[in-house]
Amino acid sequence: MLWSDPPDEPPDELRRAQDMLRRASTVLAVATLTLMLLLSMHP
């Protein structure tokens with residue numbers, strides 16, 4: 001690895017965006033499961 005090579009780690013903005021997307025997908029998955037459970041229990 002040369003001293004002029006850019007660092008392998010992503011920039012802070014990209015890391016924050018990835019964290020936000022991960023949280024949003026988790027919330028969406030939990031909301032979908034909850035909705036499916038509520039709809040399946042409703043007569």
Give the table of side-chain donor-acceptor pairs shorter than 3.5 Å for residues 19-30, with sequence neighbours excluded, one pair per line with atom names and distance.
residue, atom, partner, partner atom, Å
D19, OD1, R22, NH1, 3.0
S25, OG, L21, O, 3.3
S25, OG, R22, O, 2.8
T26, OG1, R22, O, 2.9

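Every salt bridge (Lys or Arg N to Asp or Glu O under 4.0 Å) that R15 has, sequence neighbours left out, goes to D12.
Here L14 sits alone; no ILVMFWY side chain lies under 4.5 Å from its own, so it joins no hydrophobic cluster.
Applying the salt bridge (Lys or Arg N to Asp or Glu O under 4.0 Å) test to every pair with at least one member in residues 29-43, sequence neighbours left out, gives no pairs at all.
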